[in-house]
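The structure appears below as C-alpha cells.
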Protein chains: 4
Amino acid sequence: MKSDKREEILRTALELLVEQGFHGAPMAMIAKRAGVGAGTIYRYFENRDSLILDLYYNIENRITTVLQKEYSLEKPFRERFLAVGTTLLRYLIASPLEFRYLEHFHNSPYGIAFRRDKLMGNSETSGCSIIEELFELGIKQQLLKDFPLVILFDLFFGPIISVARDCTLGFVELDEEATNRIIEACWDAVRR
Amino acid sequence: MKSDKREEILRTALELLVEQGFHGAPMAMIAKRAGVGAGTIYRYFENRDSLILDLYYNIENRITTVLQKEYSLEKPFRERFLAVGTTLLRYLIASPLEFRYLEHFHNSPYGIAFRRDKLMGNSETSGCSIIEELFELGIKQQLLKDFPLVILFDLFFGPIISVARDCTLGFVELDEEATNRIIEACWDAVRR
Amino acid sequence: MKSDKREEILRTALELLVEQGFHGAPMAMIAKRAGVGAGTIYRYFENRDSLILDLYYNIENRITTVLQKEYSLEKPFRERFLAVGTTLLRYLIASPLEFRYLEHFHNSPYGIAFRRDKLMGNSETSGCSIIEELFELGIKQQLLKDFPLVILFDLFFGPIISVARDCTLGFVELDEEATNRIIEACWDAVRR
Amino acid sequence: MKSDKREEILRTALELLVEQGFHGAPMAMIAKRAGVGAGTIYRYFENRDSLILDLYYNIENRITTVLQKEYSLEKPFRERFLAVGTTLLRYLIASPLEFRYLEHFHNSPYGIAFRRDKLMGNSETSGCSIIEELFELGIKQQLLKDFPLVILFDLFFGPIISVARDCTLGFVELDEEATNRIIEACWDAVRR
DNA sequence: GATGAATGAGCGTTCATTCAT
DNA sequence: CATGAATGAACGCTCATTCAT
C-alpha cells in the first residue's frame, strides 16, 4: 500500500531484465509493462543503475532472510550445514527469476564493481555472516577440509549454483530425494 | 598469415570486451585498437553478434584442445578424471581473459540463446564428447555417484569454475599443491 | 496579505532564475524553495511563461516607480536629466537580482517576442512615458543632439546598463562621486 | 572543402540558435536544417556546449580580425578611436546574426561562466588587446576622462551595442552620416 | 484552495552498420 | 580490399503540466 508503484516497477523490472537481458530491457519497456509513465520510474529510483542495484539488494535480502529462518543452532554441525545447502538450492530453484537475476547481475558491470568493493573491504559483509561463521566453526573444529574460507565456499556453493542453473534452464528436474543427495555430495566435497 | 587482420580483430575484441564489458566496447573502439578501419571488421564478421559468437567458439575450441591433449587413455580412471579437472582449472587461471569472456558470454543474450539452442537439441554436441564419455564410463563402472550426467558435471565443474573465478578476481592465489587438493575435493563430490 | 503565496513564488523565482539561469530552474525547484506544492504555482500563474513575464512586469514597474519618485519638475533640465541617470544606475547596482533578471529576460525567447510586440506597436508604451517626455522636451529645446529618440536612449542608457553590469559582476566598485561622474559622461554623449 | 559539413553545421546553428533562441533549437533541428544526420554533428563537435562555444569563438575572431584590419597606427588618436567605433558598429549592423548570437551567448550560462573566467584571469585577453592599448594610450595622454579602463569601455561600447541592437531589431535605420555622428557622440562620452 | 504523484513528449547523445571513395 | 565519414534509430533522462485527493 505504501508504495504500490515501486513494487510493481521492481517486479516488472525483474521479469523484463531476466527475460530480455540487461541490454534488452529499456526503461520505456519496463515502464510500459509496469503500467506507469516513463518518468514515474525516476520518482522511485534515481537511475537505471539505481533500479538495478536496488533489485539486487532486494533479492539478496530475501535469500539471506530465508537462510536465517531455516538456520538453527540446535542441530548438529553436519545437519546445519546440509540445511543451509538444501534451503538455498530449493529457494533458487523455486525462484528462477531471482536466481537468474543474480547471475545476470554478477556478470554485469554492476556486479563486477560490486565484487571489487567487497574485495577492497569497502562494504560491510552484508547479511551472510551467519554462513561465514558456520564455515569458520567447521574449520576450527576440523570438520572441514583445510582450505581458505573462499575455497570452501566455492566447493560447497559452486555446484549448488550450477545445479540450480541447470534446473532453471530445464535441463533436469529434481525431486526431494535428489535434492538431498546433491547437497550431500556437496558436503562430501568440503568435509574432512 | 592467411588472415592477419581477422586474428588481430579477435584478439583485440577479447581484450576489450572483457576489459570494458560487453556494453563498453563499441565496434569503433575495437576497430581502432585493432588498427583497422571500422568497416573492415564487417569483412570478417557479418555482425557484432557474429564476432562475439566467433570469439566464443574460438575459446571453447582452445579449451577442448587442451583437455584432449592432456587426456590419456592409459591412466586409471581416477587419475584421468583428476587430470581433466586439474588441466581445466590451470588453464582457466592461466587465461583470465578467456575465462572472463566465457562468463560474460554466458550471461549475455548470446549465451542465453546459445543455451536455449543446446537445450532444444539444435546443436552438435560441440567438442566435449570425450569428457562426456569419461563421465559415462564412470557411471557404468559405478565409480561415480548415481546422478544424471548433467548433475555430475555440475558437481565436478561447478566448484572448478567458482575457484577459477575467485583466482581471476584476485581473491585467492593457488600453488600447485592447493590446486591438486581442490580437484581432489571435487572428485570427492562425484566419486561413489 | 492578499496573496502571501504569490509574492513568495515571485520572490523565489527571481532568486532562482537568476541564480541558476532560465534553464536551470525547473518549476518543481521553484515550488520547493518557495515552500509550496508544484501545482500551486499554477493557481497564480497560468504558465511558466506567464510567471516569467509577470516577474518582468513586476521589476519594470518597480524601476518606473523609483524613477518617478525621484523625478521633479522643479529642477532645471540638466539636473533632472542627471537625476534620472543617477537614480537608475544606483537602483540597478543596488538590486543586482532585478537587474540580472532583466538581462536574462531580454535575451530569452520571451524577451524577443516581447520586443517584437513593442516594435509592432502591439503594446502600450509601458510606464516610461515620463522619461520619453523628458527626452522629447530636450530635443525640442535643442538641449540634446539631433537624433531620433531611440538613439538618444541608446546613447544615454546604453553605458549605464554596461556600467551596472560590470558592477553586478564585480568588475568595478563605484563610490558616490564616480557614479556622478559617469552619469555626467553619459550626459556628454547626448547633450548638444 | 576541408570540412564542408562542419561549416554548414556552424552556419545553420548560428541561424537557428538566433532565430529560435538557445532553448528552441534542438540538435535534431540543427542537423535537419543543415542537411546532415543527427549523429554527424557529434563528429565535429564533442557536445552541444562545444558547438555553442565554437560558434562564439568563431564570431569573436571575425570581429577581432575586422577591427585589426581597419586599425591603423598612422592616424591621429581621435580618428583611430572613431574608426574603431565606426567599424564595430557597421560590422554589427551588417551582421545581425552574429551580433544577436553574441548577445544570446553573453546571457546564457556559457557566457556567464566565460566572463567569470575572464574576471579570474583564467584566460588570455583574447585578441582585443589592440583596443585595450588604444584606450590605455588615451588615458596616459590625458585624452580620455579619468576612469578605470572598464568604465571607459562601457561608456564607449555600451551605446554602440545598444544602437546596434535597435538597428538589428528594426527600430531605426542609419545612413552613413548618422553612423558617424553616433560614434562622435560616443567619443564625447569618453573624451576629456 | 493546496498538494505532489504521475505523466509523456522531447531532449542530448551513442553506436552498429553502410557505402562512396 | 580497406577505409572511416555519415547515418538515424534508440536510449536514459528531465520537467512543464495535470488532476485525484
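Just so we're on the same page: letters track the sequence lines, and every chain starts at 1.
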ask   = Taking only Watson-Crick and G-U wobble pairs with both distances under 3.5 Å, what dot-bracket line describes DNA chain F, where [ ] shows pairs that cross earlier ones and | shows pairs with another strand?
value = .||||||||||||||||||||
Between atom [atom1] in [X] and atom [atom2] in [N], what is the gap in whole Å?
X       : N      : atom1 : atom2 : result
B/Glu46 : E/dT17 : CD    : P     : 9 Å
A/Ile9  : E/dA6  : CD1   : P     : 8 Å
B/Ile41 : F/dA5  : CD1   : P     : 15 Å
A/Phe45 : E/dA5  : CZ    : P     : 15 Å
D/Leu17 : E/dG12 : CG    : C1'   : 14 Å
C/Lys32 : E/dA2  : NZ    : C1'   : 18 Å
A/Arg6  : E/dA6  : CZ    : P     : 12 Å
D/Ile30 : E/dC11 : CD1   : C1'   : 12 Å

Does the side chain of [X] reach to within under 4.5 Å of the side chain of [Y], using non-hydrogen atoms?
X       : Y        : answer
A/Ile63 : A/Leu102 : yes
D/Ile59 : D/Leu14  : yes
D/Thr40 : D/Phe45  : no

message = Holding to side-chain hydrogen bond (donor to acceptor under 3.5 Å, both in side chains), I want the full list of residues that pass it with C/Arg6, two or more places apart in sequence or in another chain.
response = C/Asp54
message = For C/Asp49 and A/Gly39, find the nucleotide of DNA chain F closest to each by heavy atoms; which residue's nucleotide sits nearer the 5' end?
response = A/Gly39
inquiry  = Against C/Phe105, only a single residue in C/Phe99, C/Tyr57, C/Tyr56, C/Phe22 fulfils ring-ring contact (aromatic ring centres under 6.0 Å, His included); can you say which?
reply    = C/Tyr56
Under 3.5 Å donor-acceptor, A/Tyr101 side chain and A/Ile52 backbone = yes
Verify the contact: side-chain N or O of [X] to OP1 or OP2 of [N], cut-off strictly under 4.0 Å; return yes or no.
X       : N     : answer
A/Lys5  : E/dA5 : no
D/Tyr44 : F/dA6 : yes
B/Arg43 : F/dC1 : no

Scan nucleotides 10-12 of chain F against the protein and return all N/O pairs shorter than 3.5 Å with their distances rounded to 0.1 Å.
residue : atom : partner : partner atom : Å
F/dG12  : OP1  : A/Arg48 : NE           : 2.8
F/dG12  : OP2  : A/Met27 : N            : 2.8

task = Go through the side-chain N and O atoms of C/Tyr42 and C/Glu46 and say whether any donor and acceptor fall under 3.5 Å apart.
result = no
query = Would you call B/Glu19-B/Arg33 a salt bridge at under 4.0 Å N-O?
reply = yes
query = Are C/Lys5 and C/Glu8 close enough, and set up right, to give a salt bridge (charged side-chain N to carboxylate O under 4.0 Å, His left out), and what steps lead you there?
reply = CA-CA 5 Å; C/Lys5 298 225 161 129; C/Glu8 190 50 36; over 6 Å; no
task = Between E/dA6, F/dA6, F/dT3, spot the one nearest the side chain of D/Thr40, thanks.
result = F/dA6
